[in-house]
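Read through the structure below, which is laid out as structure tokens, and then see the notes.
On a predicted model such as this, the values are computed, not experimentally measured, just so you know. Counting starts at 1 for both ligands and their atoms, following the listed order.
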Amino acid sequence: MAAKLIKGTEISKQIREEIAKEIEELKQKHGVTPGLATILLGEDPGSKVYVGQKEKACNKLGIYSERTDLPADTSEDDLLELVKKLNDNPKIHGILVQLPLPKHIDAERVIYAIDPDKDVDCFNPVNVGKLMLGTGRFLPCTPHGIMELLRRSDITTEGKHVVVVGRSNIVGKPIANMMMQRPSGGNATVTLCHTGTKDLAAFTKMADILIVAVGHPKTITADMVKEGVVVIDVGVNRIGKTPEGKAILAGDVDFDAVQEKAAAITPVPGGVGPMTITMLMRNTVEAAKASI
Ligand code: NAP
């Protein structure tokens with residue numbers, strides 16, 4: 001039987017409607033307009049698209065958006081100076097420096113320079129540490145989006161075995177951490193797999209909920225999952241182009257085969273993807289609320 005589709009596009013729309021109401025209330029009651037600053041260095045087409053999408057989402061929701069596009073050869077000192085100015089700007093509640101940065105810039109130094117109260121990506125080590133302690137104000141956007149997808153699809157994580165494949169700082173590590181937290185998280189039993197894992201399938205077959213973020217299509221095939229698994233496919237892989245030149249996207253999971261065994265699964269596109277920017281908007285509103 002084909003799996004239930006976890007439709008990120010619809011869930012994201014629902015959350016954005018809730019956020020829009022909160023923004024209206026913030027404006028009416030407190031005279032505060034949430035503000036997000038984005039910084040883009042260079043001409044990378046993918047990064048331009050992402051920053052453009054974030055700007056568009058802000059405009060649609062009524063979030064004040066301040067975008068700075070800088071040349072790729074901008075010095076680290078100039079970038080740090082801009083971050084400092086934005087840290088001190090009361091109109092700005094969230095700061096996002098689009099990654100990756102050009103090689104001559106120490107990305108870690110730049111991320112560390114963002115005021116933790118404005119670090120809406122949740123990449124600053126202060127916020128990463130708080131996440132680990134289960135006391136953070138911000139949750140990183142993609143993992144937070146995954147938690148919301150599950151919650152709003154009535155899929156409980158409590159007591160389940162969650163297997164995460166991939167240990168990146170932006171997806172694998174934080175989602176594994178959030179899933180094992182008790183007060184604010186999933187209260188699940190968590191296994192984290194990576195390229196050092198021997199016999200990956202032995203672990204993925206044990207998953208009640210399987211979260212995959214590796215960046216390679218068809219890493220997870222039907223013989224690697226058990227009947228009734230819930231699959232969250234974070235991967236976004238460009239596997240070709242349509243005759244019109246549009247990118248054809250696929251996740252990290254062999255969707256057609258795995259959906260025959262799964263109870264529920266996220267499609268790519270239209271699953272986790274739309275949630276990431278929505279949760280960035282949510283964090284910006286949270287930061288604005290905290291500034292009152
Ligand atoms: P990343 O930094 O490249 O990390 C990939 C992780 O997967 C690494 O930990 C790597 O292990 C592990 N891995 C790779 N191949 C593996 C295999 N065959 N078996 C087991 N583990 C394997 O990737 P990322 O930034 O997390 O992104 C992963 C995917 O998610 C990409 O397709 C990316 O585009 C997508 N993504 C989507 C969103 C969204 O909003 N939808 C957001 C972020 C990322 P090692 O550590 O051992 O190398």
- Message: Strictly under 4.0 angstrom, heavy-atom based: which residues surround ligand 1?
- Response: T142, V165, G166, R167, S168, I170, V171, H194, T195, L200, A213, V214, G215, H216, T219, V234, G235, V236, N237, V272, G273, T276
- Query: Does a donor on one side chain sit under 3.5 Å from an acceptor on the other, for E55 and N59?
  - Reply: no
- Message: Suppose we screen for side-chain hydrogen bond (donor to acceptor under 3.5 Å, both in side chains). Which residues come up paired with K4, at least two apart in sequence or across chains?
- Response: none
- Note on the structure: Contacts of S153 meeting side-chain hydrogen bond (donor to acceptor under 3.5 Å, both in side chains) (sequence neighbours excluded), chain-then-number -> none
- Note on the structure: Residues pairing under side-chain hydrogen bond (donor to acceptor under 3.5 Å, both in side chains) where one sits in residues 206-222, two or more places apart or in two chains, turn out to be D208-K226, T221-D223
- Any side-chain heavy atom of E148 within less than 4.5 Å of one from T278? no
- Item | Salt bridge present between R282 and E286 (N-O < 4.0 angstrom) | yes
